[in-house]
Amino acid sequence: MTRRTDWPEPPAEDGGSGQRSESAPSTGHGAYTDAEPYDDGPGRRGRTGRRAGRRPGGHQDSAPSSSRAEKGAPPGDPVEQARAICLRLLTGTPRTRAQLAEALRKRGIAEEVAEEVLARFEDVGLINDGAFADAWVESRHHGRGLARRALAQELRTKGVDSAVIEEAVGQVDAEQEEERARELVARKLRSTRGLERDKRLRRLAGMLARKGYSQGLALKVVREALEQEGEDVGELDEEGF
């Protein structure tokens with residue numbers, strides 16, 4: 001099919017006032033707030049040298065209804081309908097290309113039309129899976145304490161390319177991951193006092209495992225925390241945990 005050439009220009013600053021085009025979605029700062037099988041943990045770490053100032057805002061998986069998304073699009077023009085759907089889904093809510101493609105498919109937009117619209121949105125910077133993955137890792141690791149394994153799995157479910165995931169998860173190194181695990185255990189340690197030793201260890205190690213930390217790291221961090229409290233951890237068989 002013939003590719004459209006009458007697209008609007010990318011959102012631009014208005015005379016230095018900082019105002020964006022009305023058709024451009026908001027991409028302000030904010031933490032992801034969608035429900036996930038992982039929890040807890042304040043804090044965040046800045047990053048230099050990559051995509052500065054391009055962190056998307058709060059994330060929600062819920063999407064507007066088809067009728068709302070298509071409101072205002074010229075009837076019978078699938079390209080404009082697809083464009084309107086994407087703009088509304090992106091307003092204040094970052095999305096990956098795969099998420100938008102799936103939304104268009106569910107609304108009956110032809111694949112070739114969807115590809116044309118998504119390619120244009122990538123060209124003007126309204127879709128950026130790399131920036132999405134960077135912001136996701138920063139928010140979910142420092143805000144909720146997820147380990148690299150859990151972060152990668154979440155990004156895969158959102159259709160992010162493996163190479164992009166690897167680069168984004170690379171923000172977190174082994175030392176930072178271990179330090180975050182220690183912080184999580186320190187926060188939960190008080191609530192386990194009074195329990196027998198093995199039950200405490202299982203509960204704390206299980207909390208880390210649910211956030212994607214390896215068994216070896218979880219047991220190491222928990223044992224050290226218990227020892228610092230004066231708990232006699234003795235010789236523990238990792239197979240039992």
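No donor-acceptor contact under 3.5 angstrom links the side chains of Asn128 and Glu122, judged on distance only.
Residues Leu195 and Leu226 are members of separate hydrophobic clusters, defined by side-chain heavy-atom contacts under 4.5 angstrom among Ile, Leu, Val, Met, Phe, Trp and Tyr.
Put simply, CG on Asp134 and CD on Glu138 are 8.5 Å apart, with the number rounded to the nearest 0.5 Å. Here the CG-CZ distance, from Leu100 to Arg95, works out to 7.0 Å after rounding to the nearest 0.5 Å. In this structure, the separation between CD on Glu178 and NZ on Lys220 is 4.0 Å, given to the nearest 0.5 Å. Rounded to the nearest 0.5 Å, atoms CG (Leu146) and CZ (Arg210) are 12.5 Å apart. A distance of 8.5 Å separates CE of Met207 from OG of Ser191, quoted to the nearest 0.5 Å.
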Going through the checks in order, is the side-chain contact (heavy atoms from CB on, under 4.5 Å) test met by Gln171 and Gln176?
-> CA-CA 9 Å; Gln171 295 181 47; Gln176 291 167 330; over 6 Å; no
Should Glu177 and Arg182 be marked as a salt bridge (Lys or Arg N to Asp or Glu O under 4.0 Å) after you check the CA-CA gap, both sets of side-chain angles, and the distance that decides it?
-> CA-CA 9 Å; Glu177 187 170 80; Arg182 294 182 191 282; over 6 Å; no
Would Arg200 and Glu196 count as a salt bridge (Lys or Arg N to Asp or Glu O under 4.0 Å) if you check the C-alpha gap in whole Å, the side-chain angles of each, and the deciding distance to 0.1 Å?
-> CA-CA 6 Å; Arg200 292 186 79 188; Glu196 56 110 9; over 6 Å; no
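Taking each heavy atom of Arg180 and Arg144 in turn, the nearest pair found is NH2-C, 4.5 Å. Summarising the geometry of Ala205 relative to Leu219, their closest heavy-atom pair is CB-CD2, 4.1 Å, with the distance given to 0.1 Å. Taking all atoms of both residues into account, the shortest heavy-atom contact from Leu118 to Cys86 is CD2-SG, 4.1 Å. Here the shortest heavy-atom pairing between Glu116 and Val79 reads OE1-CG2, 4.3 Å. Residues Ala82 and Val117 approach most closely at CB-CG2, 3.7 Å, considering heavy atoms. Shown here for Val172 and Arg148, the closest heavy-atom pair between the two residues is O-CD, 3.0 Å.
For the pair Leu208 and Val222, the minimum side-chain heavy-atom distance is below 4.5 Å. Annotation: side chain of Phe121 is in contact with side chain of Leu90 (closest heavy-atom distance under 4.5 Å). Inter-residue side-chain proximity for Leu184 and Tyr213 is flagged as met; some heavy-atom pair is nearer than 4.5 Å.
Proximity of a side-chain donor or acceptor of Asp129 to a complementary backbone N or O of Val164 within less than 3.5 Å is not detected. For Arg107 (side chain) and Ala103 (main-chain N/O), a donor-acceptor pair under 3.5 Å exists by modelled atom type. Counting only distance, with no hydrogens or angles, the side chain of Arg149 and the backbone of Gly212 share a donor-acceptor pair below 3.5 Å. Without hydrogens or angle criteria, Gln99 side chain to Thr96 main chain gives a donor-acceptor distance under 3.5 Å. Side-chain N or O atoms of Thr192 include one that pairs as donor or acceptor with a backbone N or O of Leu189 at under 3.5 Å. No donor-acceptor pair under 3.5 Å is formed between the side chain of Ser139 and the backbone N or O of Trp136. Under the 3.5 Å distance criterion, the side-chain polar atoms of Gln215 are left unmatched by any main-chain donor or acceptor of Ala209.
Every residue was checked against the side-chain contact (heavy atoms from CB on, under 4.5 Å) condition with Gln228, not counting sequence neighbours, and none meets it. Residues satisfying the side chain to side chain donor-acceptor pair (under 3.5 Å) criterion with Arg203, sequence neighbours excluded, are absent altogether. With sequence neighbours excluded, the residues satisfying side-chain contact (heavy atoms from CB on, under 4.5 Å) with Ala114 are Leu104, Ile109. With sequence neighbours excluded, no residue forms a side-chain contact (heavy atoms from CB on, under 4.5 Å) with Ala186. For Arg156, the side-chain contact (heavy atoms from CB on, under 4.5 Å) partners at least two apart in sequence or on another chain are Ala152, Gln153, Ile165. Listed by chain and number, the residues in a side chain to side chain donor-acceptor pair (under 3.5 Å) with Glu166 amount to none (sequence neighbours excluded). With sequence neighbours left out, the salt bridge (charged side-chain N to carboxylate O under 4.0 Å, His left out) criterion links Arg190 to no other residue. Residues meeting the salt bridge (charged side-chain N to carboxylate O under 4.0 Å, His left out) test with Arg105, sequence neighbours left out: Glu102. Taking the salt bridge (charged side-chain N to carboxylate O under 4.0 Å, His left out) definition, one finds that Glu179 meets it with nothing, sequence neighbours left out.
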